[in-house]
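For reference, positions follow the sequence shown, starting with 1.
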Amino acid sequence: MKNEAKEVAIDFLTAVQTGDNAKLAELLHPAIRWNQPGNNSVSGLKSSNMEVFGMVGKMFELSANSLRLSEIKSVSVNGSKVACLLSWTATKPSGESLEVDNTDVYTVENGQIIAAEIFSADIDAENLFWN
């Protein structure tokens, strides 16, 4: 039996890796609730897909377009929730770099991600990098 939530999460992560913005827009619910951890310029609760796209745009700006989802380590499912262990890299023009694992937990309904809770393995490094 196929698991729609897992398929949506994998499609979303693949779109992140390939830069398929149309697919990303299709998979994020317009009223998504996205909770980005930390105390930095991109952290906090986002209450729409437009706020999420704005956050990601800021991340690309701060990292001189170097932000990359370098590895999808695992995708685990519990009903409509999907936990994804992800590795991210980014480098600022100054040479400062970030390599961090995050666990993203997505809630999927009707083929779209309606909520995302992001957990960082190294929030201190993220706070320094994203400020």
Side-chain angles (χ1 to χ4, degrees):
M1 180 173 148
K2 291 183 181 178
N3 184 292
E4 179 194 33
K6 183 175 184 177
E7 288 182 15
V8 168
I10 290 171
D11 287 350
F12 174 75
L13 295 171
T14 300
V16 168
Q17 287 183 312
T18 61
D20 186 344
N21 291 330
K23 188 69 169 177
L24 294 172
E26 174 187 318
L27 294 172
L28 290 181
H29 190 277
I32 188 171
R33 304 217 10 114
W34 185 289
N35 193 353
Q36 188 72 20
N39 183 18
N40 58 65
S41 64
V42 297
S43 61
L45 181 64
K46 314 304 182 240
S47 298
S48 71
N49 60 358
M50 296 312 293
E51 287 184 14
V52 172
F53 292 134
M55 173 192 68
V56 173
K58 176 85 171 175
M59 294 169 122
F60 276 107
E61 177 187 325
L62 291 170
S63 70
N65 294 318
S66 70
L67 178 64
R68 297 288 178 266
L69 173 54
S70 57
E71 184 179 1
I72 302 168
K73 292 186 173 185
S74 70
V75 177
S76 305
V77 180
N78 184 351
S80 66
K81 293 186 182 274
V82 184
C84 307
L85 179 56
L86 310 172
S87 292
W88 293 90
T89 61
T91 305
K92 289 184 176 179
S94 65
E96 182 182 358
S97 65
L98 177 69
E99 291 184 23
V100 67
D101 285 348
N102 284 356
T103 301
D104 291 10
V105 180
Y106 306 128
T107 304
V108 176
E109 285 184 8
N110 300 317
Q112 290 185 307
I113 298 171
I114 63 163
E117 185 84 14
I118 314 305
F119 299 85
S120 176
D122 191 347
I123 197 61
D124 292 334
E126 290 209 49
N127 285 335
L128 284 172
F129 189 85
W130 297 121
N131 271 326

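The backbone N or O of R33 sits nowhere less than 3.5 Å from a side-chain atom of S47 that would complete a donor-acceptor pair.
A pairwise comparison of heavy atoms in G79 and A5 identifies O-CB, 3.7 Å as the closest pair. In this structure, V82 and C84 approach most closely via the heavy-atom pair CG1-SG, 3.8 Å. When all heavy atoms of P93 and L62 are compared, the closest pair comes out as CD-O, 4.3 Å. A pairwise comparison of heavy atoms in S70 and W88 identifies OG-N, 4.0 Å as the closest pair. Across N131 and N39, no two heavy atoms sit closer than the pair ND2-O, 3.5 Å.
Ring planes of W34 and Y106: tilted class, angle from 30 to 60°.
The line from CD of E51 to CG of L28 is 12.5 Å long, rounded to the nearest 0.5 Å. Rounding to the nearest 0.5 angstrom, the gap separating the CG atom in L69 from the CD atom in Q17 is 4.5 Å. In this structure, CD1 in I113 is found 9.0 Å from OG1 in T107, a value given to the nearest 0.5 Å. Distance check: L13 CG to E71 CD gives 12.0 Å after rounding to the nearest 0.5 Å. The line from CG of N102 to OG of S87 is 8.5 Å long, rounded to the nearest 0.5 Å. Note: K46 NZ to Q36 CD = 6.5 Å, rounded to the nearest 0.5 Å.
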Check your understanding: Passes side chain to side chain contact (heavy atoms under 4.5 Å, CB included), T89 versus L98? Steps please.
Key -> CA-CA 5 Å; T89 61; L98 177 69; over 6 Å; no
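Crowding of E99 atom CD: a count of heavy atoms from other residues, nucleotides or ligands under 6.0 Å not exceeding 12.
If you chain together hydrophobic residues whose side chains sit under 4.5 Å apart, I118 and I72 fall into the same group.
Side-chain polar atoms of N127 and N40 form a donor-acceptor pair below 3.5 angstrom. In the model, E126 has a side-chain atom that pairs as donor or acceptor with a side-chain atom of S120 under 3.5 Å.
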